[in-house]
Student: 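Here's a structure for you.
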2 protein chains.
Amino acid sequence: MAKISINKIAELAGVSKTTVSFVLNGRGDEKNISLKTQEKIIGIAKSHNYQANYVARSLSMGKSYTIGFVVPDISNPFYGKIARYIEQYAEEKGYSVMVASTGEDIKKERKILNELKARQIDGVILASASPNASEIKQTSSGNLPTVYFDRVFLEQQNLYVDINNSESSSQLTQLLINKGHKRIGLISLSSYLPNIKQRISGYKNTLENEGIELDSELIVDIDLSHKKESIKQALEHLLQMENPATAILFLNNVLAANGIWAINNYYPEQTDKLLFASFDNLDLFDYSKPKVVSALQPNNEIAKHCINMLCKQIDDSEESEGIQLKTTIINR
Amino acid sequence: MAKISINKIAELAGVSKTTVSFVLNGRGDEKNISLKTQEKIIGIAKSHNYQANYVARSLSMGKSYTIGFVVPDISNPFYGKIARYIEQYAEEKGYSVMVASTGEDIKKERKILNELKARQIDGVILASASPNASEIKQTSSGNLPTVYFDRVFLEQQNLYVDINNSESSSQLTQLLINKGHKRIGLISLSSYLPNIKQRISGYKNTLENEGIELDSELIVDIDLSHKKESIKQALEHLLQMENPATAILFLNNVLAANGIWAINNYYPEQTDKLLFASFDNLDLFDYSKPKVVSALQPNNEIAKHCINMLCKQIDDSEESEGIQLKTTIINR
DNA sequence: TTTATTTAATAAACCGGTTTAGTAAATCGG
DNA sequence: CCGATTTACTAAACCGGTTTATTAAATAAA
């Protein structure tokens, strides 16, 4: 059964394509198309298994009902989980989702966004790899409706769905302190990212409030590829200094997962003594050794807000405001 | 800077849109467009930041350069990792990827595929939720180029990228036997899935070859949602029978991850005695208790073959054959 | 010098929809 | 019974590209 178009149906029914278009879009009554004609058209469409060509529709209407979901790495379960919700909420609003991973490469990110714009996406939900607000402004040049998440630059007036990074970090740090820890290591990455900056400041502020001296030796930066080897070295550093860390805060799930791996493989004797804390949550934190106190991000809510904000922006180009959601601290 | 079209450029340059189209597609020389004209057109395009409208191009050429990647759940790291590679290889060939999750629901799968067809995707890479070959045939009705993976029905003549499920399962089982285990539990799910069927038969065949009596009490089916509670019950069953299991084979990563969770939370005293084995690999298998012997699927290769086969099918509609790749057994 | 060929372009159809403006015929109100 | 309104439907423009067939002018060959 070859594909059938609106033109063919018009021909078969002996009416104009206008009429067919009206009827198949459910505007038959409104447009005063007789019942007989409507039935004839619908009958032909059904029997030929008509399916609208959305590409043609997009071109004609100037709207593709497609959005982009652009993140550093879709195989990271944090982004994967959000992707699943994004998909769901997008579908509810009639949008399909194009997914792309930037690999933390700004040039690639720009290329991807240009490609998606050429494909006439209506908007994009973006966890940008950009190191700062001005860079991001260039990247997202043009006026593509955009909602930022995970990597949010407040300096910009753009729409965003953020979380309380600083506060969550404080809460995690406080929890470690309450459990008697005073030497708290921090394993961080590429500290120019705004969420990471905030997480670091939450850690620092809490130590200060508690009158614990800040020791910059306790803070280790891992490069973006966060290879297992560099995590191992970081742990080595934290555990073998003169006054070693007794607890470690990891600033995201990948760091923590690698940390757990490294400690089990290189310092298994330490697993009972140490306490870990991490941003994002992973199932394995429930039973890993050491146990991990974590700050669970509200993935479902993040996705929901991203989609709602984006759709609002697409429809009304109404400038609403960004939002900040709260993590849930899981104490194990 | 408002969007500029090929028509506007033609107007500004004082030439026809045909000429502009030729030049901007790099066919200026071939089409004998004078250097002067070419330069003028390219200059205008650049200064106005021209970007082709792929929707229009799609409509005109009857090709969207978009493919679908449809799986049960994109947040499952197994699919997530493959998605990342799919993305990469697709991009190399000029395709963008639309991702959708079926949630193991055939009706939803059909809806998604219809939606994607309406969007004129050129082909789809599909891990189908269908329970059998005839069902899948209906689902994929129409003649959308399709490559199946993970959920492959050999009865069909379709293109597929499969793995050696039965053999891998045998290898895992053999490994457990070689380590002295004779009571090997099997935690499986919805056994109508072809890959699961094959994995079960690999287990059974190996037991038989080794002269170990098959005990159907050792085989437990978990329902598709594989809730943690049902895993707990399965473990309870396997560990508290008169002649309990000393090793357990999990037929996919989600089952294994939940199994590790359950054993650590409900039977922590057993973690040192038991040995686990699982399909797919997860980083946590390296250090979890119990350790997990696993069959790592070649994600990169799977993705590469999926894309290559799909492109071949799209371009030539040449009927090539399916392929079966091998897992890597990781012995811990 | 005439004809054949190459150069440099273009008009127009086409892809498959949406939408505006309009028309002829039927019905209604007075 | 005539003008106004409603009913039922359509022509044609438009979205932004690609592609085929054609043309006029310039150059080459005979």
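Just so we're on the same page: letters track the sequence lines, and every chain starts at 1.
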Student: Please tell me if B:R27 has a side-chain N or O lying less than 4.0 Å from either OP1 or OP2 of D:dT19.
Tutor: yes

Student: Would you call A:E115 and A:K111 a salt bridge, taking side-chain N to carboxylate O under 4.0 Å as the test?
Tutor: no

Student: Where the side chain of A:S128 meets the backbone of A:L126, is there a donor-acceptor pair that is under 3.5 Å apart?
Tutor: no

Student: Does the ring of B:Y65 carry B:K63 above it, NZ/CZ under 6.0 angstrom from centre and within 45° of its axis?
Tutor: yes

Student: For the side chain of B:N25 and the backbone of B:R27, is there at least one donor-acceptor N/O pair under 3.5 Å apart?
Tutor: no

Student: Of the nucleotides C:dT10, D:dG16, C:dT18, which has the atom closest to the A:R57 side chain?
Tutor: C:dT18

Student: Does any donor-acceptor pair link the side chain of B:S60 with the base of D:dG17 at a separation under 3.5 Å?
Tutor: yes

Student: For B:E30 and D:dT18, give me the distance from atom CD to atom C1', rounded to whole Å.
Tutor: 13 Å

Student: Quick one: is D:dC15 close enough that its OP1 or OP2 comes under 4.0 Å of any side-chain N or O from B:N53?
Tutor: no

Student: Any sub-3.5 Å donor-acceptor pair from B:Q120's side-chain atoms to A:V55's backbone N or O?
Tutor: no

Student: Can you work out whether A:A52 or B:V15 has the more 5'-proximal nearest nucleotide on DNA chain C?
Tutor: B:V15

Student: Over all strands shown, is A:Y54 touching base, sugar-phosphate only, or nothing at heavy-atom distances under 4.0 angstrom?
Tutor: nothing

Student: Please confirm whether the shortest side-chain N or O distance from B:Y50 to OP1 or OP2 of D:dG17 is below 4.0 Å.
Tutor: yes

Student: Can you tell me the distance, in whole Å, between the CD1 atom of B:I33 and the P atom of D:dT18?
Tutor: 14 Å

Student: Could you tell me the separation between the CD1 atom of B:I41 and the P atom of C:dA8, rounded to a whole number of Å?
Tutor: 13 Å

Student: Nearest-Å distance, CD1 (A:I9) to C1' (C:dG16)?
Tutor: 11 Å

Student: If you compare every side-chain N and O of B:T19 against the phosphate oxygens of C:dA8 (OP1, OP2), does one of them come in below 4.0 Å?
Tutor: no

Student: Counting only side-chain nitrogens and oxygens, does A:T18 get under 4.0 Å of the OP1 or OP2 atom of D:dC9?
Tutor: no

Student: Does D:dC9 have OP1 or OP2 sitting under 4.0 Å from an N or O in the side chain of A:S16?
Tutor: no

Student: How are the rings of A:F69 and A:F149 set to each other: parallel, tilted or perpendicular (split at 30° and 60°)?
Tutor: parallel

Student: Could you check which of D:dT19, C:dG17, D:dG17 has an atom nearest any side-chain atom of A:S5?
Tutor: C:dG17

Student: Under 4.0 Å between any heavy atoms, over every strand shown, what does B:T37 touch: base, sugar-phosphate, or nothing? Just pick one.
Tutor: sugar-phosphate

Student: Can you tell me the distance, in whole Å, between the NZ atom of B:K63 and the C1' atom of D:dG16?
Tutor: 20 Å

Student: Look at the side chain of A:L59 and decide which nucleotide, out of C:dT18, C:dT7, C:dG16, has an atom nearest to it.
Tutor: C:dG16

Student: Considering heavy-atom distances to DNA chain C, does B:K31 or B:M61 have its closest nucleotide positioned more toward the 5' end?
Tutor: B:K31

Student: Provide, to the nearest angstrom, the distance between the CZ atom belonging to B:F22 and the P atom belonging to D:dA21.
Tutor: 12 Å

Student: Within less than 4.0 Å of OP1 or OP2 of D:dT18, is there a side-chain N or O belonging to B:N25?
Tutor: yes

Student: Just how far, in rounded Å, is C1' of C:dC15 from CD1 of A:I4?
Tutor: 16 Å

Student: Round to the nearest Å and state the distance from B:Q120 atom CD to D:dG17 atom C1'.
Tutor: 16 Å

Student: Does the base of C:dG16 carry an N or O that pairs as donor and acceptor with the side chain of A:K17 under 3.5 Å?
Tutor: no

